[in-house]
Protein chains: 2
Amino acid sequence: MKFSQSKTNKGVTERDFSVTCQDRTIPGVLWTPEARSEPTPLVLIGHGGSGHKREDHLVSLARRFVRHNGISAVTIDGPFHGDRASDEVKNESVNKTLRRLNGEDIVDKMVEDWKATLDALQKLPEIGIARVGYWGLSMGTMFGVPLVAAEPRIEVAVLGLMGPIGGFDRLIRDAPNVTCPLLFLQQWDDELIPREKSCELFDAIGGRDRRLHSNPGPHSAVPQEEFFNTQAFLARHLSPASD
Amino acid sequence: MKFSQSKTNKGVTERDFSVTCQDRTIPGVLWTPEARSEPTPLVLIGHGGSGHKREDHLVSLARRFVRHNGISAVTIDGPFHGDRASDEVKNESVNKTLRRLNGEDIVDKMVEDWKATLDALQKLPEIGIARVGYWGLSMGTMFGVPLVAAEPRIEVAVLGLMGPIGGFDRLIRDAPNVTCPLLFLQQWDDELIPREKSCELFDAIGGRDRRLHSNPGPHSAVPQEEFFNTQAFLARHLSPASD
């Protein structure tokens, strides 16, 4: 694990890093409480399709976890996204990029990438082996369901805006192995993921401790209120005293 | 409006009352902050089928509104329920009682009963014309949708566990006139109200500012967490400073 840039602002230290996993280099950003040397709970944040590890709303979310809940947060670029996009990918349409994700090996590799990232982070004194949660919508759920299903260290998750469409049937196979407490988001008028498809995924989740929140509007119109809900939900499980 | 019994416990004054509406006497309970003489926001709480105005979970909810949010709360018995049940009704099956509710005039009368209760309460100095919300699930939504649709004084509502089944089609007719901020609850495995029926009602609601929360389990298994959510939601709208 290599750190490059680091800056601290209002009590939050933000560090760029890279982790090596097999033949791949995974670029990420880590947010931790300033000058912290004891373990903190950690939230893995998976970005959405055509997004990247530094999207504004993810940076805001990560900083709120640190400032309000004393929880660290990490994002990494997904395959073909952010710093992992080749010039060819950067110049193609979003839909073409998203079609690149439709393969078993892509999902398996992203699960490995997250595991390698988590392995590396847990060696830091400010992360250690404290509790771990996952937050990821849309593409962050496409990878998140297989990850949460395969990773026992993840104790709580926020997922949503996704279902078994366009060949992503693996979601339904992996969902029964998602058994941790879960908050699942749905957009009532989602133009990309039909309501019955996100319901199908929620229904297939194996855990009993789950709840679905649905809000009006299209795919990308998750209201700010719901972002606060997801933060409070994860904080309640990862750092009960902070809530 | 006539008050009978009154008692105060941990800062909450609880008073039994009755209000007359045309040929009917409506029995209710009012919870207000102790020794309060300035207006407080008010939540109208509608009980569920086979329940009554003093059900444990409603009393707890009402007391929490007063203690944590400075919001008063009121319940009244629904038709054929609680103190409004004749001996004949008391001795019949729940299903038979519920079938009695299936008539336009029953719904209209309950809407009138709530309006008469609100008229009377607003004459009290401790209620006045402060903001009003509605909270009612199941039968509390069967009557609540027509009430919220018809009553402009209600500014925010919690509804759910109901849909257009068994002839209650009026819900779908009135739902477009429910335009206030709304939190709608659904039980994912509801054995009384099929999921698609509660979705149909939620879909028919006229307001844009609405959200659906769905939890696993049967009709009567709404988790305590969700009760807290409904309380926080109403408090946020009725008494922003208390949240």
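Quick caveat, the model's predicted, so the values are computed rather than measured.
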*Asks:* Under 4.5 Å from any heavy atom of chain A, what part of B/Glu225 do you find: side chain, backbone, both or neither?
*Replies:* side chain
*Asks:* Quick one: pull up NE2 in B/His213 and OG in A/Ser214 and give me the separation to the nearest 0.5 Å.
*Replies:*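 Going from the NE2 atom of B/His213 to the OG atom of A/Ser214 covers 9.0 Å.
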*Asks:* Which bit of B/Asp203 comes within less than 4.5 Å of chain A, counting heavy atoms only: side chain, backbone, both or neither?
*Replies:*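 Both parts, heavy atoms under 4.5 Å.
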*Asks:* Tell me whether B/Arg211 is salt-bridged to A/Glu226, with the criterion being a basic N under 4.0 Å from an acidic carboxylate O.
*Replies:* no
*Asks:* Would you please go through residues 146-155 of chain A and name the residues with a non-hydrogen atom below 4.5 Å from one of chain B, in numerical order?
*Replies:* none
*Asks:* Does the side chain of A/Leu212 reach to within under 4.5 Å of the side chain of B/Asn215, using non-hydrogen atoms?
*Replies:*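 Answer no - side chains too far apart.
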*Asks:* Between B/Pro216 and A/Arg208, which heavy-atom pair has the shortest distance, and what is it?
*Replies:*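 Reported closest heavy-atom pair: CG-O, 3.2 Å.
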